[in-house]
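Computed over heavy atoms, backbone and side chain alike; hydrogens, waters and symmetry mates excluded. Quick note on labels: first sequence line is chain A, next is B, and so on, each numbered from 1.
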Protein chains: 2
Amino acid sequence: MIGKTRGQGVEILDDIRALPPAHAEGRRGRRGTGKVRITDVAKLAGVAPITVSRVLNAPDSVAAETSRRVREAINRTGYVPNMLAGGLASSRSHLIAALVPTIASPVFQATWEALTETFSGAGYHVTFGQTGYGGAREDELINTMIARRPDGIVLTGIMHSPSGRRRLIEADIPVVETWDLTPTPIDMLVGFSHEHIGEAVAEYLHGKKRIRIAVITAADERARRRAKGLAAAATRLGIANTLAPAVPMFVAAAPGTLGSGRKGLTDLLARHPGIDAVVCSSDMLALGVMIEAQARGIPVPERIAVVGYGDLNFAADTVPALTTVNVDGPAIGRLAARCIIDRAQGRSVAEPIVDVGFSIVKRASA
Amino acid sequence: MIGKTRGQGVEILDDIRALPPAHAEGRRGRRGTGKVRITDVAKLAGVAPITVSRVLNAPDSVAAETSRRVREAINRTGYVPNMLAGGLASSRSHLIAALVPTIASPVFQATWEALTETFSGAGYHVTFGQTGYGGAREDELINTMIARRPDGIVLTGIMHSPSGRRRLIEADIPVVETWDLTPTPIDMLVGFSHEHIGEAVAEYLHGKKRIRIAVITAADERARRRAKGLAAAATRLGIANTLAPAVPMFVAAAPGTLGSGRKGLTDLLARHPGIDAVVCSSDMLALGVMIEAQARGIPVPERIAVVGYGDLNFAADTVPALTTVNVDGPAIGRLAARCIIDRAQGRSVAEPIVDVGFSIVKRASA
DNA sequence: AGCATAGATGGTAGCGCTACCATTTCTTAT
DNA sequence: ATAAGAAATGGTAGCGCTACCATCTATGCT
């Protein structure tokens with residue numbers, strides 16, 4: 001074995017600088033991309049392809065000097081691994097599918113940002129599928145997402161459709177449902193109880209001696225459940241029954257806007273002039289209510305208390321400052337990502353079902 | 001060839017219902033996913049795998065009856081194609097990489113929503129990489145994105161880093177730069193001129209006889225260029241020179257918030273009590289300015305005119321309604337997607353460089 | 001010294017799909 | 001009737017990577 005310095009018959013081509021590699025011309029035009037492949041790097045470094053793979057994916061299993069040579073070859077060739085090939089061979093795509101109503105919802109934004117960031121730090125990319133409010137295209141999207149063989153799927157809310165549930169379970173991909181609670185999650189869960197929020201807000205306003213509470217809500221399933229929780233608590237506390245049979249409600253199109261907040265207050269005032277508190281399904285609606293109240297000369301909170309939801313970055317700076325419900329959106333994103341990353345790395349997930357809770361942020365408006 | 005009804009020796013197993021396929025047990029546990037593959041569908045339908053592939057990817061090239069049988073087999077088996085394998089074989093990943101400062105910016109949201117939607121309709125998925133304001137991790141992200149061999153890359157703003165430009169060009173992937181203009185795009189471009197917006201706003205306010213214009217801007221490169229355009233036009237129009245050497249400016253952290261709008265007005269008023277117009281780099285900042293003005297009893301627009309940017313969904317409903325700059329964000333998203341889709345389908349791109357322009361939406365605040 | 005064990009590396013054989021070209025059958029024109 | 005072409009389908013050979021196991025060397029232990 002003269003001329004070989006290492007074990008198993010690998011040619012060493014130490015000082016060749018081939019950039020682009022010599023064979024590239026021959027390959028281009030038929031199939032393939034004409035790009036540098038792992039074998040090109042391996043030849044230049046004088047190792048087997050699998051060793052290059054290990055340098056990239058399991059650095060601890062390669063000797064320091066070998067690793068150095070391989071890295072140098074990677075730099076010289078400008079090699080960028082092909083994750084399609086890697087994913088196919090290893091059944092690990094390092095891709096995450098997130099199903100969201102729309103990426104343009106201010107309430108969820110901080111969550112998706114944190115989710116993307118946490119996954120990114122662990123070598124994953126996130127692709128978003130928009131289901132639309134109401135989740136119309138959820139089932140269809142699940143199919144096209146599964147086609148990518150993602151290492152995890154993050155859902156907004158609970159998956160209700162039985163066919164969607166079945167598909168997800170059969171696909172055998174880790175799933176995290178978020179932003180809601182259920183005793184029967186598909187797999188993992190990071191959320192909180194919308195009913196409890198409604199109840200807590202009712203109790204808070206009851207404590208503030210408000211007796212005629214109204215609700216302005218976007219046509220969104222979870223917002224409606226908060227309103228239902230509020231109405232139930234109001235009845236229990238004897239609020240709703242004082243004058244009216246139920247909590248007056250104004251339903252606006254999702255997502256809630258400042259304009260629908262204004263319209264909501266106008267409508268409620270016309271129908272129920274005596275209301276002394278308005279609970280909104282988003283801070284934007286609440287801001288609209290406060291602006292409309294100001295335009296009408298109605299003092300907030302003196303005559304009408306206003307409560308928002310989301311604790312968006314403007315809530316502390318409105319006049320008066322907005323009392324609202326804070327949910328730790330970034331924490332939901334981080335925890336959801338952690339669940340999937342832990343599972344992917346074979347670790348057992350410490351808490352597969354997490355209730356992150358919520359808090360009422362007491363400011364001036366209520 | 002007794003027993004064969006079609007051309008080339010394919011066994012027909014018409015009435016077998018195998019779900020999961022018979023071989024699955026044998027495969028599971030070693031390699032592969034144990035899932036239904038294209039060959040399973042092909043056997044059940046009595047055709048070659050390539051025919052199943054054609055039914056899915058080029059339906060017109062398959063006879064109606066064959067297509068029917070294949071689709072039935074797909075339904076019976078619950079087959080979901082593996083896009084990793086397909087992408088590797090065809091060099092078409094049907095994946096798009098979008099590099100954004102953060103997915104949580106209200107100004108860009110409508111664009112990413114439309115982008116995702118348009119691509120989704122054409123069979124593509126979009127993955128977002130967050131570069132951070134200032135694009136700190138842009139170069140690094142480009143590398144990990146190229147590893148996925150996306151069929152297109154969408155950038156926010158112009159790519160300035162030479163190394164990033166080189167990588168993108170070498171990767172030979174269609175690139176669209178967005179939300180800005182340059183005479184030297186990497187490839188394609190859908191945007192508008194930030195300098196022109198600044199100039200147009202200056203001219204608009206000049207027309208309204210405003211002579212002491214101030215600026216509140218987020219620390220964002222494009223916002224700063226709008227401010228620069230405004231300052232230049234102000235000087236040219238003789239505004240800036242009337243009393244001060246330059247347009248007073250307050251720079252807030254990105255992204256601009258209602259709170260920093262309030263702080264900005266407070267600061268500007270202290271330093272330049274005579275200002276009669278405030279131009280903001282986002283509608284949120286502008287809303288903050290108006291709220292602060294109202295708190296101080298300063299009438300808008302009588303004493304101070306306010307101009308925003310973005311024409312967000314609340315701009316028409318503030319009191320007074322906000323005069324702002326509208327950029328057709330959804331159009332940018334749609335056009336950018338169209339560019340890449342056209343290129344991917346081998347069509348020539350009608351307009352590889354598009355200036356979508358902007359408009360000043362005249363409302364009550366200025 | 002002799003043997004077991006750990007550490008480092010390599011050869012082979014796929015992962016599941018589609019490009020490419022070949023083959024067969026059916027039309028249409030001459 | 002026959003050539004020439006179009007339409008439908010299939011066989012083979014990869015795409016670029018990693019799982020699996022084999023191999024070889026260094027190290028520690030009796």
Side chains of B/Val80 and A/Arg167 in contact at under 4.5 Å (non-hydrogen atoms):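 When only atoms from C-beta onward are counted, A/Arg167 and B/Val80 do touch, with a gap below 4.5 Å.
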Using atom [atom1] of [X] as one end and atom [atom2] of [N] as the other, report the distance to the nearest whole Å.
X: A/Ile74; N: D/dC17; atom1: CD1; atom2: P; answer: 11 Å
X: B/Ile38; N: C/dC15; atom1: CD1; atom2: P; answer: 14 Å
X: B/Lys43; N: D/dG10; atom1: NZ; atom2: P; answer: 14 Å
X: A/His94; N: D/dT18; atom1: NE2; atom2: C1'; answer: 11 Å
X: B/Arg149; N: C/dC17; atom1: CZ; atom2: C1'; answer: 17 Å
X: A/Leu56; N: D/dC17; atom1: CG; atom2: P; answer: 9 Å
X: B/Leu88; N: C/dA19; atom1: CG; atom2: P; answer: 12 Å
X: B/Leu84; N: D/dC15; atom1: CG; atom2: C1'; answer: 13 Å

Upstream residue (5' side of DNA chain D) when A/Gly87 and B/Ser67 are each assigned their closest nucleotide: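 In this pair, the answer is B/Ser67.
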Contact nearer the 5' end of DNA chain D, comparing A/Arg92 with B/Ala64: B/Ala64
Salt bridge present between B/Asp187 and B/Arg343 (N-O < 4.0 angstrom):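 Judged by the 4.0 Å cut-off on N to carboxylate O distance, B/Asp187 and B/Arg343 do form a salt bridge.
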Is any side-chain nitrogen or oxygen of [X] closer than 4.0 Å to OP1 or OP2 of [N]?
X: B/Thr51; N: D/dG10; result: yes
X: A/Ser53; N: D/dT18; result: yes
X: B/Thr66; N: D/dT9; result: yes
X: B/Asn57; N: C/dT18; result: yes

From the list [options], which nucleotide is the closest neighbour of the side chain of [X]?
X: B/Ser90; options: C/dT18, D/dA19, D/dG10; answer: C/dT18
X: A/Ala48; options: C/dC15, D/dG10, C/dG11; answer: C/dG11
X: B/Ala63; options: C/dT9, D/dT18, D/dA8; answer: D/dA8
X: B/Val47; options: D/dC17, D/dT9, D/dG10; answer: D/dG10
X: A/Ala89; options: C/dG10, C/dC15, D/dG10; answer: C/dC15

Pairwise 5' ranking along DNA chain C for B/Tyr79 and B/Arg54, keeping only the more 5' one: B/Tyr79
Qualifying residues under ring-ring contact (aromatic ring centres under 6.0 Å, His included), relative to B/Phe119, sequence neighbours excluded: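 ring-ring contact (aromatic ring centres under 6.0 Å, His included) list for B/Phe119, sorted by chain: B/Tyr124.
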Any residue meeting side chain to side chain contact (heavy atoms under 4.5 Å, CB included) with B/Pro185, in chain and number order, not counting sequence neighbours: B/Glu177, B/Thr182, B/Leu189, B/Ile353
Derivation of the side-chain hydrogen bond (donor to acceptor under 3.5 Å, both in side chains) call for B/Thr144 and A/His125: CA-CA 9 Å; B/Thr144 73; A/His125 289 145; 3.0 Å; yes
